[in-house]
Amino acid sequence: MATQKSLMGFFGAAGSAAKSKPKRSPKPPTLDDQPKKSEEVPVPTVEDKPMECDPSTTANGSENTESLSEPVSDRSSPVKKKRRLRRRRKAISTSDEETEVAIGPTSPKDAAVQEPATNLAAPDSKQDSAVGSDASLPIQDSLENTLPAKDPLSVAVAEKQAKAAKPSTGKTIKPRNKAQSTGSGKKPTNANLLAPPEVVERFAEMIQTDVSYAALCYMFEQVEATTKRLLIADILTHFFRRVIAKAPQELLPLVYLCINRLSPQYEGIELGVGESLLIKAVAEATGRGAAKVKADVVALGDIGLVAKESRSTQRTMTMFKTRQLKVAQVFQTLKQIATTSGHASMSHKVGKIKGMLATCQGNEAKYLMRSLEGKLRIGLAEQTVLVALAHAFVLHHQTEKLDVETLAETLQEAAATVKSVYNELPSYDVMIPALLEHGVDKLSEFCKLTPGIPVKPMLAHPTKSISEVLDRFENHTFTCEYKYDGERAQIHRLEDGRTLIFSRNSENMTAKYPDVMDKMNRALVAGTGSFILDCEAVAWDRAQRKILPFQILSTRKRKDVKESEITVQVCVFAFDLLYLNGRSLLRVPLAERRKLLAESFRCVDGDFQFAKSQVITDVEEIQTFLDESVEDNCEGLMVKTLDGDEASYEPSRRSRNWLKVKKDYISGIGDTLDLMVMGAYAGRGKRTGVYGGFLLSCYNPDNEHYEAICKIGTGFTEADLESHRDILRESIISQPRSYYNFGDSVKPDVWFEPRMVWEIRAADLSISPVYQAAVGKVDSYKGISLRFPRFVRIRDDKGPEDATTSDQIADMYQSQKINSVDHPQSDDN
DNA sequence: CGACTTGCAGG
DNA sequence: ATCGCCA
DNA sequence: TGGCGATACTGCAAGTCG
């Protein structure tokens, strides 16, 4: 409760929240935002200290101290928060340079390799012991006692905000950092790229024959506390090394927990748990109201923190836990949650979650909730895991001492191998056992491109202009292809004749496209056996023989599709061939792959075609081809190198060898709108403390109403977000104006008076089931919204009534070529 | 059984 | 999807 | 430049609820 108020206060809810307790006086409403910048209150600095020095494990302790010492805290300039903390930690570890510094000239990775030397003993070693599972007891106790009147969450809020407060130097910090990292030569010293020895020791203690969930969470903490990628990788490497040595059977579940998955993507096992269920679980587990919990989530920007904090109160009396969560058990429970279905399944899921929560200690609840939410957000994800795995296995098998450079090379190669293998066969179920049994060296013998298992598709870089394309490909032969607006489809034909289709994200879409099986058979040329095709499936109007918009494609059924009942036909546009008759073509240049593609398949009009392409040499040709593609209802062009080493298929890599030129970058075609900011939503994660998104509207001069058109959450710099918060604070109103039209489902956390106008770029306009913009103008009941909206800039020169009008929106929609002929959505008018 | 809600998938 | 930030 | 994490809209699928 207190938290909600404070949130409101935080966002300066002048009207509604002000009424609560005035106690949080030092909040920033208006007073702060102006003067603060300069020389922030010293308080936060002081508060910060214990945090940064403590190993994150003792965070509990410091949090308390912190909130105690300064419950009022200072919420003036949130945003910088964690990042700052991290920096400071770095600063500390930087002090011990000598360690591996000798390696200077070689890649920093070398350093990461070395056994951590002793002198790394940072000022923050000892306290570690406080981490122990039982350590939380006294801490929580003290929390209870010292803050009798307070909801622990308000403590957390205060803490969060204290963190958020700038460590004194407002603006100077950025430049300083820059100077530090880039300006003054060389990389940062290698010392801070190494996992601190006490961390490694801790791993050794915690990881024995099996792995406790606490051990994993300890590792997460360590990772979360740093931003240095090499350090993160090294921490993870040490963790895995220990696991490989002591508890190899735990490696697979651990890897899954690190990347927050339960199985390979293509198996489609999902938790089926979202925020509402988690809120319910936390509420039930703590005996608090769901509404309160929800408010806390908004305030803290992280349901993990809410779980951790609210749990600690409840806990005090039932503290005698004996059970300790194990990784294997957590993983298994997660899988159970995922596979629970049918009647009352939701309450069963909640039950399991509550069960685990009850056993959580320290930070476990935080990470458990984040896992359930699907976002660990500790700065560690798949790519890092792959590197760490590679390194861990190399080091595990490494018996003889290599010189630093050789070792570094070995490690780098290993990382490349593991990544490449994984991208071709993205299954830890296969790869981890293979690694355990054969090591990295022979990995590619056992794990290779296999029809039936999706390859990570090659991605493309967005390009801002045609000239940028030319710059990039100046000395290469390249080709342009239509970029179709459909769904990526990787079509596999196995040796046994089965056909499988995977999406861009490696989901199995076979059941969605039974009609494609038949198309493939008709498109085969004699002699074509097994293959993997890269294609785009596009909605197709058979009568008019033309491409339909993506929005139509998306209305196709996804499960149990029977060929006879298909309403939206598709045409498959093939553009690459990755595997043919038992042979991988990944390393074959595009020109050759394309040739094989053309030889192995035939065009079946309206069912299976080749992506339209053209080899191009100059700007004008590209421009013409681009215009043509848009004219043909495509999104723009893909530009690809044709020959040589740089024309191979690089799974998962958003390589520079493929570029995309989208029409919305080209002025005149791209839609830019000026929209009024109606309201905003509290940010989460790294956006805690600022607004994470905003509700926008267009203006309808006929009735002088503002009609909600979309939310927006990207395109802002961090500075933008801070500035928006500060500026919009002045405009907060407690209720929406009577002339605001919006759907209940998009209600923002705070409302603004009509004032601010922003320029927004979008790719397309779409018929919307939830927004009101231009209702009745294109569709009698539905409004219009934007596809891929992003913030461009503030339009200070425009008043709210100068915003784009509903009529203009309707016109823009109509003028999208693809909608001009006929589209199912528009019932009447 | 229909309306509503939630989660997940796509771009 | 898009975008920005960081090493 | 790669890796990561913040956020957008829409529709189906599967659940809940009255």
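Convention: sequence-line order gives letters A, B, ...; per-chain numbering from 1. For clarity, every value in this text was computed on a predicted model and none was experimentally measured. We use all heavy atoms of the structure for the numbers below, so side chains are in, but hydrogens, waters and symmetry mates are not.
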Enquirer: Examine dG10(B): is either OP1 or OP2 under 4.0 Å from a nitrogen or oxygen in the side chain of Ser554(A)? Give yes or no.
Expert: no
Enquirer: Any idea which of dT10(D), dG10(B), dG2(D) is nearest the Glu507(A) side chain?
Expert: dG10(B)
Enquirer: The side chain of Ser503(A) lies closest to which of these nucleotides: dC4(D), dC3(C), dA9(B)?
Expert: dA9(B)
Enquirer: So His461(A), base contact, sugar-phosphate only, or nothing? Heavy-atom distance under 4.0 Å.
Expert: sugar-phosphate
Enquirer: Which part of the nucleic acid does Leu380(A) contact within heavy-atom distance under 4.0 Å: base, sugar-phosphate only, or nothing?
Expert: sugar-phosphate
Enquirer: So which nucleotide from dA14(D), dG10(B), dA6(D) ends up closest to the side chain of Lys559(A)?
Expert: dA14(D)
Enquirer: Does dG4(C) have OP1 or OP2 sitting under 4.0 Å from an N or O in the side chain of Thr714(A)?
Expert: no
Enquirer: Side chain of His343(A), heavy atoms from C-beta onward: which of dA6(D), dA13(D), dT16(D) has the nearest atom to it?
Expert: dT16(D)
Enquirer: Between Gln383(A) and dC4(D), does any side-chain N or O lie under 4.0 Å from OP1 or OP2?
Expert: no
Enquirer: Is there a donor and acceptor pair closer than 3.5 Å between the side chain of Arg229(A) and the base of dG2(D)?
Expert: yes
Enquirer: Distance check: side-chain N/O of Lys662(A) vs OP1/OP2 of dT2(C), anything under 4.0 Å?
Expert: yes
Enquirer: Which part of the nucleic acid, if any, lies within reach of Lys349(A) when heavy atoms closer than 4.0 Å are counted: base, sugar-phosphate only, or nothing?
Expert: nothing
Enquirer: To the nearest 0.5 Å, what is the distance between CZ (Arg725(A)) and CD (Glu722(A))?
Expert: 5.5 Å
Enquirer: For the residue pair Tyr691(A) and His724(A), is the inter-centroid distance of their aromatic rings smaller than 6.0 Å?
Expert: no
Enquirer: Roughly how far, to the nearest 0.5 Å, is SG of Cys710(A) from CD1 of Ile784(A)?
Expert: 12.0 Å
Enquirer: Would you say a side-chain N or O of Thr384(A) is under 4.0 Å from OP1 or OP2 of dG3(D)?
Expert: no
Enquirer: Would you tell me if any nitrogen or oxygen in the side chain of Arg687(A) comes within less than 4.0 Å of OP1 or OP2 on dA6(D)?
Expert: no
Enquirer: So, is Lys686(A) near the phosphate of dC3(C), with a side-chain N or O under 4.0 Å from OP1 or OP2?
Expert: no
Enquirer: Give the nucleotide from the list dC8(B), dT16(D), dC5(C) with an atom nearest to the side chain of Ser345(A).
Expert: dT16(D)
Enquirer: Report which part of the nucleic acid Lys660(A) touches: base, sugar-phosphate, or nothing (heavy-atom distance under 4.0 Å, all strands).
Expert: sugar-phosphate
Enquirer: Look at Asn505(A) and dG10(B) and indicate whether a side-chain polar atom (N or O) is within less than 4.0 Å of OP1 or OP2.
Expert: yes
Enquirer: For a quick test of reading the model: is some side-chain N or O of Arg787(A) closer than 4.0 Å to OP1 or OP2 of dT10(D)?
Expert: no
Enquirer: What does Phe716(A) touch in the nucleic acid at a heavy-atom separation under 4.0 angstrom: a base, only the sugar-phosphate, or nothing?
Expert: sugar-phosphate
Enquirer: Side chain of Ala344(A): nearest nucleotide among dC8(B), dC9(D), dT16(D)?
Expert: dT16(D)
Enquirer: Is any side-chain N or O of Arg684(A) closer than 4.0 Å to OP1 or OP2 of dA6(D)?
Expert: no
Enquirer: Nearest heavy-atom pair of Asn657(A) and Ser655(A): which atoms, and what distance?
Expert: N-OG, 2.6 Å
Enquirer: Tell me the interatomic distance from Glu270(A), atom CD, to dA9(B), atom C1', rounded to whole angstroms.
Expert: 9 Å
Enquirer: Compare side-chain N and O positions of Tyr771(A) against OP1 and OP2 of dC9(D) and report whether any pair is under 4.0 Å apart.
Expert: yes
Enquirer: Could you state the atom-to-atom distance from CG of Asp302(A) to P of dG5(D) in whole Å?
Expert: 13 Å
Enquirer: Figure out the CD1/P separation between Ile232(A) and dC4(D), and round it to whole Å.
Expert: 8 Å
Enquirer: Arg558(A) side chain: which of dG2(D), dC12(D), dT10(D) is closest?
Expert: dC12(D)
Enquirer: Looking across every strand, which nucleic acid part, if any, lies under 4.0 Å from Phe550(A) by heavy atom: base, sugar-phosphate, or nothing?
Expert: sugar-phosphate
Enquirer: Within the pair Thr717(A) and dG4(C), is there a side-chain N or O less than 4.0 Å away from OP1 or OP2?
Expert: no
Enquirer: Partners of Tyr484(A) by ring-ring contact (aromatic ring centres under 6.0 Å, His included), sequence neighbours excluded?
Expert: Tyr482(A), Phe573(A)
Enquirer: Rounded to whole Å, please give me the gap between CZ in Arg488(A) and C1' in dG10(B).
Expert: 13 Å
Enquirer: Quick check for you: among dG4(C), dA9(B), dT10(D), whose closest atom lies nearest to any side-chain atom of Met509(A)?
Expert: dA9(B)
